[in-house]
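A short worksheet on the structure shown next.
Computed from a predicted structure; not experimentally measured. Index from 1, following the sequence.
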Amino acid sequence: MTDQTPLSVPQYELMAAELQKMSDMIRSRPEMNHHFAERLAVLSKEMREDEARAHPETARR
């Protein structure tokens, strides 16, 4: 059984912020895989886009 209720705005933002934070931390380390950091940044962006679709009334303009 899956929950069909969308995530709350704070849940979306928390996940997006954490993904971006991980991306930034990886990019600050030259020995780390920066391609992976870019993928995390894209996921963060997509999380915020999903938030805007799920909660259009609170979307940033």
Side-chain angles (χ1 to χ4, degrees):
M1 180 175 177
T2 60
D3 185 3
Q4 297 299 317
T5 306
L7 298 172
S8 69
V9 172
Q11 287 172 314
Y12 274 109
E13 185 50 40
L14 178 63
M15 286 192 283
E18 288 296 318
L19 289 166
Q20 187 61 53
K21 184 177 170 182
M22 287 187 288
S23 174
D24 294 343
M25 287 175 25
I26 291 169
R27 287 180 191 182
S28 73
R29 306 290 304 249
E31 74 277 11
M32 299 290 288
N33 182 338
H34 290 209
H35 178 67
F36 180 60
E38 181 59 31
R39 292 190 336 244
L40 288 172
V42 168
L43 287 172
S44 175
K45 177 181 172 279
E46 289 174 350
M47 182 65 65
R48 288 189 169 102
E49 290 168 355
D50 286 347
E51 174 191 337
R53 281 191 290 277
H55 300 281
E57 70 283 358
T58 62
R60 297 174 200 172
R61 304 203 191 274

Does anything in residues 29-38 pair up under salt bridge (Lys or Arg N to Asp or Glu O under 4.0 Å), and if so which pairs, sequence neighbours excluded?
R27-E38, R29-E31
With sequence neighbours excluded, tell me which residues meet side-chain contact (heavy atoms from CB on, under 4.5 Å) with D24.
Q20
Going from OG on S23 to NE2 on H34, what distance comes out if it is rounded to the nearest 0.5 angstrom?
9.5 Å
Check the hydrophobic clustering (I, L, V, M, F, W, Y; side-chain heavy atoms under 4.5 Å; chains of links allowed) and say if M32 and L19 are grouped together.
yes
With sequence neighbours left out, write down each residue that passes salt bridge (Lys or Arg N to Asp or Glu O under 4.0 Å) with E46, or none if nothing qualifies.
none
Under a single-linkage rule joining Ile, Leu, Val, Met, Phe, Trp and Tyr whose side-chain heavy atoms are separated by less than 4.5 Å, which residues share a cluster with L14?
none
Which atom names give the shortest non-hydrogen contact between I26 and N33, and what distance separates them?
CG2-O, 3.5 Å
Which residues satisfy the side-chain contact (heavy atoms from CB on, under 4.5 Å) test with K21, sequence neighbours excluded?
E18, M25
Of all residues at least two apart in sequence or in a different chain, which pass the side-chain contact (heavy atoms from CB on, under 4.5 Å) check with L7?
Q11, Y12, M15
When rounded to the nearest 0.5 Å, the distance separating CG of L43 from CZ of R48 is 12.0 Å
Test salt bridge (Lys or Arg N to Asp or Glu O under 4.0 Å) applied to R39 - qualifying residues, sequence neighbours left out
none
